[in-house]
Amino acid sequence: MGLYDAVGWSSYTTAPEVLEAAIEGSSRVVTARYGEDLLGLARVLTDGASIVYLQDVLVRPELQREGVGRALVHAALEPYAHCRQKVLMTDDEPRQRSFYESLGYQEIRDHGDGRLRAFVRFDET
């Protein structure tokens with residue numbers, strides 16, 4: 001919970017049982033630690049064949065821009081290099097955009113000829 005609180009993701013920490021289930025249900029979870037201290041985390045969900053969803057890339061604020069997030073993303077996705085689609089959804093924050101673009105991601109409207117569509121639905125819980 002401390003890492004999620006440190007980056008301001010309180011929607012995850014208000015229901016710790018949901019966060020725990022999400023992490024346990026992930027296909028892969030990688031962490032960065034210093035001793036017992038959790039410094040960063042990335043997790044993925046995948047069918048293992050064609051698509052990987054990159055989810056929850058977090059790094060303690062004091063360690064951001066030090067390469068920790070990049071290392072976490074690479075480690076999380078490494079077993080799924082053969083999967084064609086790598087998808088993520090994130091907040092509209094300029095630093096996040098530049099981070100993901102540096103890893104080869106692009107906004108869906110900028111991909112190819114711009115004919116891709118993405119849809120999302122959030123249900124209140």
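Since the model is a prediction, treat every value here as computed from it, not as a measurement. Side chains included, hydrogens not; waters and symmetry mates left out as well; all remaining heavy atoms used. In what follows, residues are counted from 1 in the order of the sequence shown.
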K.L.:
Is H82 reaching over with its side chain to a backbone N or O of G48, donor-acceptor style, under 3.5 angstrom?
P.N.:
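Flag set: sc H82 to bb G48 pair under 3.5 Å.
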K.L.:
Give a yes or no on whether the backbone of G25 and the side-chain of R43 come within a donor-acceptor separation of less than 3.5 Å.
P.N.:
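Answer holds: no.
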K.L.:
In terms of hydrophobic clusters joined by side-chain contacts under 4.5 Å, are L63 and L41 together?
P.N.:
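Result: no, two separate clusters.
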K.L.:
Is the side chain of T31 donor-acceptor paired with the backbone N or O of G40 at a distance under 3.5 Å, no angle test?
P.N.:
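Such a contact is absent between T31 side chain and G40 backbone.
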K.L.:
Give a yes or no on whether L103 and V57 share a hydrophobic cluster (residues Ile, Leu, Val, Met, Phe, Trp, Tyr; joining criterion: side-chain heavy atoms under 4.5 Å apart).
P.N.:
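As far as the 4.5 Å side-chain criterion goes, V57 and L103 are connected within one cluster.
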K.L.:
Shared ILVMFWY cluster between M89 and L54, side chains joined below 4.5 angstrom?
P.N.:
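No, no single cluster joins them.
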K.L.:
Should we count OH of Y100 as having more than 12 external heavy atoms under 6.0 Å?
P.N.:
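Above 12, so yes.
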K.L.:
In terms of hydrophobic clusters joined by side-chain contacts under 4.5 Å, are V59 and Y4 together?
P.N.:
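In one cluster with V59: Y4, no.
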K.L.:
Side-chain donor-acceptor pair under 3.5 Å between T90 and R97, yes or no?
P.N.:
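On atom types as modelled, these side chains do not qualify, holding no pair under 3.5 Å.
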K.L.:
Under the side-chain contact (heavy atoms from CB on, under 4.5 Å) test against Q85, which residue among D47, I51, V52 passes?
P.N.:
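The single option meeting the side-chain contact (heavy atoms from CB on, under 4.5 Å) with Q85 is I51.
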K.L.:
Look only at the side chain of R70 and the backbone of R65, and say whether a donor-acceptor pair between them is shorter than 3.5 Å.
P.N.:
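It does not hold such a pair.
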K.L.:
Is it the case that more than 12 heavy atoms not belonging to R84 sit under 6.0 Å from its CZ atom?
P.N.:
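For R84, atom CZ is not crowded (no more than 12 foreign heavy atoms under 6.0 Å).
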